[in-house]
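Please read the structure below before turning to the comments.
Chain identifiers are assigned alphabetically (A, B, ...) following the order of the sequence lines, protein sequences preceding nucleic acid strands; residue numbering begins at 1 within each chain. Any value given below was found using the heavy atoms of this structure, including those in side chains, with hydrogens, waters and symmetry copies removed. This structure is a prediction, so every number in the text was calculated from the model and none was measured.
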There are 2 protein chains.
Amino acid sequence: MSRSPSQEPDENTDALPRQQRTYSIGELARMFEVTPRTIRFYEQEGLLAPSRQGQKRIYREKDRVRLKLTLRGKRLGFSLAEIREVVMMYDAMPDGNARQLKRLLEILEEKRANLERQQEDIRLMRLEIDDVDQRARDVLRQLGETS
Amino acid sequence: MSRSPSQEPDENTDALPRQQRTYSIGELARMFEVTPRTIRFYEQEGLLAPSRQGQKRIYREKDRVRLKLTLRGKRLGFSLAEIREVVMMYDAMPDGNARQLKRLLEILEEKRANLERQQEDIRLMRLEIDDVDQRARDVLRQLGETS
DNA sequence: CAAGCACTTTACGTTAACGTAAACCTCGTC
DNA sequence: GACGAGGTTTACGTTAACGTAAAGTGCTTG
């Protein structure tokens with residue numbers, strides 16, 4: 001996986017009313033350190049739905065947040081399909097019927113379970129890493145002594 | 001991602017001296033809820049190196065642990081290449097030269113950074129999920145009231 | 001000994017998530 | 001008006017991580 005330095009951009013440090021700000025595809029791409037291709041692909045997969053100005057895509061705050069969430073999901077190993085599942089249901093919520101909403105709650109519960117599982121995995125993985133680290137240092141030290 | 005119910009098998013509840021126990025590919029596959037194909041693939045990718053008894057693969061404790069670690073890594077979104085990187089260096093450690101060992105320490109540091117990043121991602125993702133959950137419940141409640 | 005089960009190798013197929021290339025607009029500017 | 005920087009669509013290419021199918025081996029059980 002490419003969990004690269006891709007930092008998430010700072011939150012609102014400017015003075016502009018958030019609602020107005022828009023972004024081009026290139027801006028967003030630089031912000032999140034992905035390629036425009038990736039962003040277009042996410043749109044094609046139903047994860048983004050920017051408006052248009054003529055031919056060009058215009059991204060608003062909502063789109064930026066979605067992209068942020070999508071990338072976060074990706075870093076956690078979720079597939080785009082899984083991410084879309086939640087994101088779309090979230091959007092369909094306001095006028096959602098009870099069945100859909102309950103389905104959504106189920107999905108959320110699954111996600112939560114996943115996250116807990118992952119936290120445990122991280123905990124264990126850290127122990128392993130610390131262990132390997134310690135051994136490596138020990139060997140290094142021994143090398144230093146006998147040289 | 002298929003973060004399915006794949007439980008990790010219980011630790012040593014039997015009385016056999018661990019060293020002796022061996023496993024067939026099918027046993028391991030059932031234990032970890034993967035297919036034999038997957039296990040053979042991991043071997044082909046240099047993550048496992050079972051001994052043979054004639055034609056058949058014989059897995060020992062060491063192999064089982066490796067498989068466990070590999071799958072854990074996968075659940076955390078690591079690629080097989082990344083996993084191999086650490087696992088192989090770990091094995092090469094005893095007779096490793098200083099350069100290799102320092103390289104290993106570097107890699108471990110990267111992994112640690114990754115894990116921390118992921119923990120933060122999980123934290124944020126949980127907040128999002130709780131938020132969506134809350135909204136969904138609110139809408140549901142309103143539906144109930146006005147029906 | 002036939003049948004079945006678990007294993008083997010070989011090899012081609014599949015899916016997700018993009019990369020990459022070509023060919024085309026549409027600005028501002030030199 | 002040429003041109004460079006950004007954007008667009010279309011379409012084929014690529015990689016990882018297996019799935020799936022075919023064809024063979026070896027044991028043991030009715």
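When rounded to the nearest whole Å, the span between CD of A/Q53 and P of D/dG6 equals 18 Å. To the nearest angstrom, C1' of D/dC18 lies 13 Å from CG of B/L71. As a whole-Å value, the separation of B/I58 CD1 from C/dA6 P is 16 Å. Atoms CD (B/E45) and P (D/dA17) sit 7 Å apart, rounded to a whole Å. Atom CD of A/E82 is separated from atom P of C/dA17 by 9 Å (rounded to the nearest Å). Residue B/L47 contributes atom CG, which lies 9 Å from atom P of D/dA17 at whole-angstrom precision. As a whole-Å value, the separation of B/Y59 OH from C/dC7 C1' is 11 Å. In this structure, CZ of A/F41 is placed 17 Å from P of D/dT15, rounded to the nearest angstrom.
Between the side chain of B/R64 and the backbone N or O of B/Y59 there is no donor-acceptor pair closer than 3.5 Å. Between the B/Q118 side chain and the B/L76 main chain, a donor and an acceptor come within less than 3.5 Å of each other.
The nucleotide whose nearest atom lies closest to any side-chain atom of B/R40 is, among C/dT8, C/dA17, D/dA17, C/dT8. With C/dC18, D/dT8, D/dC18 as the candidates, the nucleotide lying closest to the side chain of A/K74 is C/dC18.
Summary of the strand contacts: A/E27 and B/Y42 both lie near DNA chain D, and taking for each the nucleotide with the nearest heavy atom, the more 5' one is attributed to A/E27. For the pair B/G26 and A/L80, both in contact range of DNA chain C, the more 5′-proximal nearest nucleotide belongs to B/G26.
Residues A/L47 and A/L69 do not share a hydrophobic cluster, defined by chaining ILVMFWY side chains whose heavy atoms lie under 4.5 Å apart.
Contact between the side-chain N/O atoms of B/S24 and the OP1/OP2 oxygens of C/dC7 is found at a separation under 4.0 Å. Phosphate proximity of C/dG19 to A/T38: present, with a side-chain N or O under 4.0 Å from OP1 or OP2.
Using a 4.5 Å heavy-atom cutoff, the side chains of A/F32 and A/I39 are not in contact.
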N/O to N/O distances under 3.5 Å, protein versus nucleotides 20-28 of chain D:
from   : atom 1 : to    : atom 2 : distance (Å)
D/dT20 : O4     : B/R37 : NE     : 3.3

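Residues that satisfy the salt bridge (charged side-chain N to carboxylate O under 4.0 Å, His left out) test with A/R52, not counting sequence neighbours, are A/E43. Under the salt bridge (charged side-chain N to carboxylate O under 4.0 Å, His left out) criterion, B/D130 pairs with A/R112, sequence neighbours left out.
B/Q142 and B/D138 form no side-chain donor-acceptor contact under 3.5 Å, judged by distance and modelled atom types alone.
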